[in-house]
Amino acid sequence: MADTQAQAEGATASAADEAADPNFMTSLARGLSVIRAFTEREPNLTIADIAKITGLPRAAARRCLLTLMQLGYAGSDGRSFFLKPKILALGYSFLSSAPLATILDPLIEQVSGAVQESCSAAVLDEDDVVYIARAATKRIMSVGLNVGSRLPAYCTSMGRVLLAAMPEADLDAYLARVPLKPFTERTITAPDALKRELERVRERGFSLVDQELELGLRSIAVPIRTAAGGVVASMNVSAQAARVTCPEMEVQFLPRLLRAADEARLLLVRSRGV
């Protein structure tokens with residue numbers, strides 16, 4: 001629950017900073033922080049859990065939960081609360097209106113089918129990568145990943161591609177702000193070392209992460225660019241380390257990813273002229 005708590009508390013703190021804005025709706029911000037408190041690892045939460053994760057008073061957490069229940073977005077078993085399928089409509093509103101996700105979805109399926117491994121696309125949201133398209137051939141992580149899943153940017157291949165495309169000042173701010181927690185003994189946790197790795201990603205045009213997020217998992221990612229060269233997303237292939245070596249990933253997966261990224265760039269130009 002620690003990662004969830006840090007994420008939700010960050011959102012609450014941000015909301016507090018913006019509360020001085022007369023156009024800022026504190027009640028809406030609180031409701032969104034309550035929704036974000038639920039995760040795959042914590043699908044059922046009590047009022048006390050929500051209050052602890054979000055930093056909200058218990059009374060405010062209770063009102064948010066009861067409002068979500070009345071609107072059909074949440075349910076309760078009498079003690080704990082859980083999100084209901086209607087909550088998916090909020091994410092679908094984004095996906096159905098976002099040409100990027102629509103464009104990448106069939107390309108992700110094609111790459112996954114060709115290499116017989118899981119393939120995904122993600123964008124950077126705050127300090128995390130958020131999955132916007134995914135084709136999974138098998139479960140290769142201890143935590144299931146789906147569209148909408150979030151992972152730390154610094155220790156994921158897609159995250160490093162996106163961080164490498166950041167302006168220098170923004171990257172320095174990210175490194176000063178985000179604690180580089182070790183997920184395995186291989187995780188890069190020194191800001192200077194991570195910065196050197198991101199420079200390497202920029203030079204090579206792709207990122208290969210070897211068991212830094214989870215032991216036994218390797219991932220290779222490339223950027224999705226606009227016609228002007230800006231990076232708007234990243235695409236990766238992930239595989240179990242026991243099945244494929246790092247050099248094999250570059251030979252077998254990288255060319256297909258690069259071709260898919262080129263096709264995505266052309267489709268983006270056609271769809272919105274970017």
Side-chain angles (χ1 to χ4, degrees), residues 100-124 128-147 149-165 183-188 193-194 196-226 229 231-268:
L100 184 59
T102 305
I103 286 169
L104 293 180
D105 195 57
L107 296 175
I108 292 295
E109 293 284 351
Q110 289 174 20
V111 173
S112 178
V115 302
Q116 290 299 295
E117 298 288 355
S118 297
C119 184
S120 309
V123 296
L124 195 62
D128 299 327
V129 291
V130 178
Y131 282 65
I132 61 171
R134 179 163 170 79
T137 57
K138 52 188 76 69
R139 182 159 173 163
I140 59 175
M141 286 188 65
S142 59
V143 177
L145 294 174
N146 300 289
V147 171
S149 294
R150 305 176 72 94
L151 289 175
Y154 67 89
C155 58
T156 56
S157 61
M158 289 193 290
R160 287 186 181 169
V161 164
L162 296 168
L163 291 176
F183 283 84
T184 75
E185 64 269 19
R186 294 172 175 261
T187 310
I188 295 175
L194 179 59
R196 287 194 298 271
E197 178 60 24
L198 294 178
E199 290 173 0
R200 187 164 176 256
V201 170
R202 279 192 291 270
E203 292 171 359
R204 302 174 79 193
F206 69 91
S207 172
L208 200 163
V209 172
D210 183 11
Q211 304 180 77
E212 293 190 46
L213 178 66
E214 184 170 303
L215 288 175
L217 177 69
R218 291 184 173 128
S219 179
I220 187 168
V222 300
I224 305 297
R225 298 181 183 274
T226 66
V231 176
V232 292
S234 56
M235 179 187 300
N236 84 342
V237 169
S238 298
Q240 291 179 348
R243 288 203 311 272
V244 59
T245 65
C246 290
E248 287 171 343
M249 292 189 79
E250 292 187 38
V251 172
Q252 297 176 24
F253 305 154
L254 184 57
R256 292 188 180 276
L257 282 171
L258 291 172
R259 286 198 294 271
D262 286 341
E263 187 172 349
R265 183 174 184 173
L266 291 174
L267 292 172
L268 279 171

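The analysis underlying the following values was restricted to heavy atoms, covering all of them including side chains, and did not include hydrogens, waters or symmetry mates.
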Problem set entry | Test item: side-chain donor near acceptor, S157 and S219, under 3.5 Å | yes
Exercise. Is the closest side-chain heavy-atom distance between M158 and Y131 below 4.5 Å?
Worked result: yes
Exercise. Atom CE of M235 and atom CZ of F206: how far apart are they, to the nearest 0.5 Å?
Worked result: 16.0 Å
Exercise. Quick one: does V129's side chain get under 4.5 Å of V123's, heavy atoms only?
Worked result: no
Problem set entry | Check: Q252 and V115 side chains under 4.5 Å, non-hydrogen atoms | no
Problem set entry | Distance, nearest 0.5 Å, that separates CD1 of I224 from CG of L104 | 5.5 Å
Exercise. Between the side chain of R256 and the main-chain N/O of V111, is any donor-acceptor distance below 3.5 Å?
Worked result: no
Seminar exercise, completed: Interatomic distance, CD@E197 vs CG@L208, rounded to 0.5 Å, equals 9.0 Å
Exercise. Can any side-chain N or O of E214 pair as donor or acceptor with the backbone N or O of Q211 at less than 3.5 Å?
Worked result: no
Exercise. If every non-hydrogen atom of V222 is compared with every non-hydrogen atom of A261, which pair is closest and at what distance?
Worked result: CG2-CB, 4.0 Å
Exercise. Rounded to the nearest 0.5 Å, how far apart are OG1 of T187 and OH of Y154?
Worked result: 6.5 Å
Exercise. Out of curiosity, E212 CD to L194 CG, how far, rounded to the nearest 0.5 Å?
Worked result: 8.5 Å
Exercise. Residues two or more places apart in sequence or in another chain: which of them pass side-chain hydrogen bond (donor to acceptor under 3.5 Å, both in side chains) with S120?
Worked result: R134
Exercise. S207 versus V209: any side-chain heavy-atom pair under 4.5 Å?
Worked result: yes
For this session: Please confirm whether the backbone N or O of R265 pairs with a side-chain atom of R225, one donor and one acceptor, at under 3.5 Å?
Result: no
Problem set entry | L163 side, atom CG; R202 side, atom CZ - distance, nearest 0.5 Å | 9.5 Å
Exercise. Does a donor on one side chain sit under 3.5 Å from an acceptor on the other, for N236 and S234?
Worked result: no
Exercise. Okay, side chain of Q110, backbone of L107: is any donor-acceptor separation there less than 3.5 Å?
Worked result: no
For this session: Mind checking side-chain hydrogen bond (donor to acceptor under 3.5 Å, both in side chains) for E250 and listing every partner two or more places apart, or none if nothing turns up?
Result: R204
Problem set entry | Flag, side chain of S112 to backbone of I108, donor-acceptor distance under 3.5 Å | no
Exercise. Can you list the steps and then say if F253 with V244 is a side chain to side chain contact (heavy atoms under 4.5 Å, CB included)?
Worked result: CA-CA 10 Å; F253 305 154; V244 59; 4.3 Å; yes
For this session: For D210, enumerate each residue passing the salt bridge (Lys or Arg N to Asp or Glu O under 4.0 Å) test, keeping only those at least two apart in sequence or located in another chain.
Result: R186, R218
Exercise. Shortest non-hydrogen contact from V201 to V161?
Worked result: CG1-CA, 4.2 Å
For this session: Flag the pair R243 and E117 as a salt bridge only when some basic side-chain nitrogen lies within less than 4.0 angstrom of an acidic carboxylate oxygen.
Result: yes
Exercise. Any idea which heavy atoms bring L162 and A122 closest together, and the distance?
Worked result: CD1-O, 4.1 Å
